[in-house]
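In what follows, a structure is listed as structure tokens, so that the remarks can point back to it.
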Amino acid sequence: MNQILAIFSALLKNWVRSKSGVFFSFLFPVMLLLIFGTVFGGTESVRYRLYVQNFDFENGEPTDLSRAFINALNSTGAFEITELSPTLNVTAYVEENPSFSSYRILIIPKDFQRSTINRSIAAKISVATGLLGYVAERYSKDMNETMINELKTGWIALNQWKSSLETGKNNLLLLIDEGDTAAPVIKGIIYSVVNAFNNRLIGTEEVVSVESKSIVERKLKAADYYLPGYIAAFIMTNGVIGATSTISEYRRNGIVKRLAATPLSKASWIMGNILQQAVLAFMLTAIMIGLGWIVFHVRVHLDVCALLLIFTGAVAFSCVGMVLGGIIRDVEAASGAGNAIAFPMMFLSGAFWPIEMMPAYLQAIAKLLPLYYFHEGLRDIMIHKSPGSAAQAFLVLAVFAIVFLFLAIKITKWKEL
Amino acid sequence: MSETVVVKELTKHYGNIIAVDKVTFHVYEGEIFSLVGPNGAGKTTTVEILECLRRPTSGLAMVLGFDVVKEEEKIKRRIGVMPQDFNAFERLTVLENVELIARIYGVKPNLQSLLEELGLWHVRKRRFMELSGGMKRRVGICMALVNDPELLFLDEPTTGLDPQGRKECWDVIRKLKKMGKTVFLTTHYMEEVEKLSDRAAIIVNGKIKAIDKVDELINTHGGGVKVCVKGGSEVERLMRNLTRNFRHEEEGRIVGVFSNKQEALKAVLQLYNLNEECRVEVIEPNMNDVFLRLVGGRIDERGELV
């Protein structure tokens, strides 16, 4: 045990005094946490920039209805609306201004108010004539002829009124770049506003409604949700990239050979390295949670189960690093191999965004990656306070850790054959 | 004198390559023994087998009475090692690196006296990466001495050092001998062998070409002491009388070769007693001559056989 602690403390001191080691293990994750946290999970809600060009004017002023529609869009809180002058040729403007490339322009056509009111009356007439038709069909046998004639007369009069209405074309036009990743969200919000507007104009009441309720005790912010993913991802990169590079470097510069010539056992060397990675993982967790709390006001639950899962993850990924570092003697090649494994895993596993955002085949790949189980397990414990749900994560990571520990023992050469 | 290292018919194959080929030698207690040869001769493989870092293919290797294959742990506890291209944790201080090795051995030596002995006490708080090449090797030797070993293996301890660093390292190695340690040295520097070693073995292509006390190697294989003289007919006649190994060189120089230093000195005295004016130069053989005569080449600064 004394040997393990001796190696552990030497490795830790050597690492703490390495500027690049500290940068890539702590500062780099912290920078990414701040960037990703601000982009995806900041305390501010997301507001999309939307340009609105209103052509519906009356006496030199925007019509009440077009004004009301813009106010309805504003009231969603999802948009930062900039109104464009109706004299502006937006198509030419978009082409002439590359900075305008990610355009989202909603065009309210001329006569929007008049045709919308007429359409809403026409829609109401359709509802009324439909109702008359239904009554006539269903209850005609209980009616006398006079009543039936009055119904017919009313039905005809309504339809004549409807056909006399000038409904015109009142489609709103949304110009949007289909490559814009926010396009589906923006379209969805605008369609919801349009539907609500239609219902209000026709005078129908909401039949089906959705009530949303958080399934956790307190209100979660996006940063709360993402933090366990960031912690898991950076513990993984520290293990896979960091351990690979350092082990390869220690082999290349002869430190491993020097230690192998002492009574230090191979197991103690491996355990010392694993212990160092585990301590780094705990330090990283503490820093990430502390920073998340200070900057994003995140509140996560940290208990023995979370620490145990972090330890298991650190062991698993540091053993991957030891295996790679044991196989590849060239430091640059080892570092490249670590990067080639860690970065795709980091982005494919859904640590930084929900895997539901990814295509089905990538979701299937994500579920083959140990990092997926690591961040899902951490989220179960740290956010949902449900260690039981993390059982699968424990199992997968434990098996992964045992397999790679075995490989690390096999591959680490303490004696050349 | 008891034997510290016993090697018999030691062989090491790497696939089809024979790195060490039936090597046999002994190292005696308290001596500085050098294994000298060019790069790829099998020096490091041999020494690493003795350090229990490599497994021999066949043959016997005993270190301090223990078998390198079966009694690894006992050997490792009683030897000190400074590997080729020695390195330590570069961001740890000198003291921290030495303490690490002490903790691994589970010993508590007087580190102050050890560091003072090797001239390292004043740099004990400096990080390993900040030291000069010579200092780094001294740290390596210091780390090898932490467990008070009976036998030290120093694999190419001065390779890559500047002349000053090399000289400092030699002083430390001489000190080790005074401390009663047995030193097993590998090197490709002939000068190092002559200045430090009691005995040496020349190894080329995995085979020992010669092994003996350094003086004996030079006397036996050095090709004799050369007396070079520039003079007239009387000088030539005298030289012909004194040695049969006699030749003319350019610019009228006459070279006579004598089997040892005493005979060469006698010849020089007789030359000075002649009435004829002459200029005499005595060239003693060295390990380079030994190597040249045994191997048919010499070793350059980088350790390559040329």
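To find a chain, count down the sequence lines: A is the first, B the second, and so on, and within it residues start at 1. Because only heavy atoms are used, hydrogens play no part in the values below, and waters and symmetry mates are left out as well, while side chains stay in.
Atom NZ of B/Lys74 has 12 or fewer heavy atoms from other residues, nucleotides or ligands within 6.0 Å. Within 6.0 Å of CZ in B/Arg302 there are 12 or fewer heavy atoms belonging to other residues, nucleotides or ligands. In this structure, A/Phe311 places its CZ atom where only 12 or fewer heavy-atom neighbours from other residues, nucleotides or ligands lie under 6.0 Å away. The number of heavy atoms from other shown groups lying within 6.0 Å of NZ (B/Lys207) does not exceed 12.
For A/Asn253 (side chain) and B/Asn87 (main-chain N/O), no donor-acceptor pair under 3.5 Å exists by modelled atom type. Between the side chain of A/Gln3 and the main chain of B/Ile104, a donor-acceptor pair closer than 3.5 Å is present. A donor-acceptor pair under 3.5 Å links the side-chain atoms of A/Arg258 to the main chain of B/Val81, judged by distance alone. Of the possible polar contacts, none joining the A/Lys13 side chain to the B/Thr93 backbone as a donor-acceptor pair under 3.5 Å is found.
With respect to chain A, the highest number of heavy-atom pairs below 4.5 Å among B/Glu51, B/Glu72, B/Glu73, B/Glu96 belongs to B/Glu96. Interface check for chain B: of the options A/Gly254, A/Ser268, A/Ala260, the most heavy-atom pairs under 4.5 Å are formed by A/Ala260. Ranked by non-hydrogen atom pairs under 4.5 Å with chain A, the options B/Asp85, B/Ile75, B/Leu92, B/Asn97 are led by B/Leu92. The candidate with the highest count of non-hydrogen atom pairs below 4.5 Å against chain B, out of A/Ala261, A/Ala6, A/Pro263, is A/Pro263.
Residues A/Ser9 and B/Arg103 share a closest heavy-atom pair of OG-NH1, 3.5 Å.
Rounding to the nearest 0.5 angstrom, the gap separating the CD1 atom in A/Ile255 from the CZ atom in B/Phe86 is 8.0 Å. To the nearest 0.5 Å, the span separating OH on B/Tyr105 from OG1 on A/Thr262 amounts to 5.5 Å.
Annotation: side chain of A/Lys257 is in contact with side chain of B/Leu53 (closest heavy-atom distance under 4.5 Å).
Only the side chain of B/Glu48 comes within contact range of chain A, with heavy atoms under 4.5 Å apart. Only the side chain of A/Leu259 has a heavy atom closer than 4.5 Å to any heavy atom of chain B. Using a 4.5 Å cut-off between heavy atoms, A/Ser265 does not touch chain B at all.
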Kindly list each side-chain donor-acceptor pair under 3.5 angstrom involving residues 313-323 of chain A, sequence neighbours excluded, with atom names and distances?
from: A/Ser318; atom 1: OG; to: A/Ala314; atom 2: O; distance (Å): 2.8
from: A/Ser318; atom 1: OG; to: A/Val315; atom 2: O; distance (Å): 3.1

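Using a cut-off of 4.0 Å between Lys/Arg side-chain N and Asp/Glu carboxylate O, A/Arg17 and B/Glu90 are scored as not salt-bridged.
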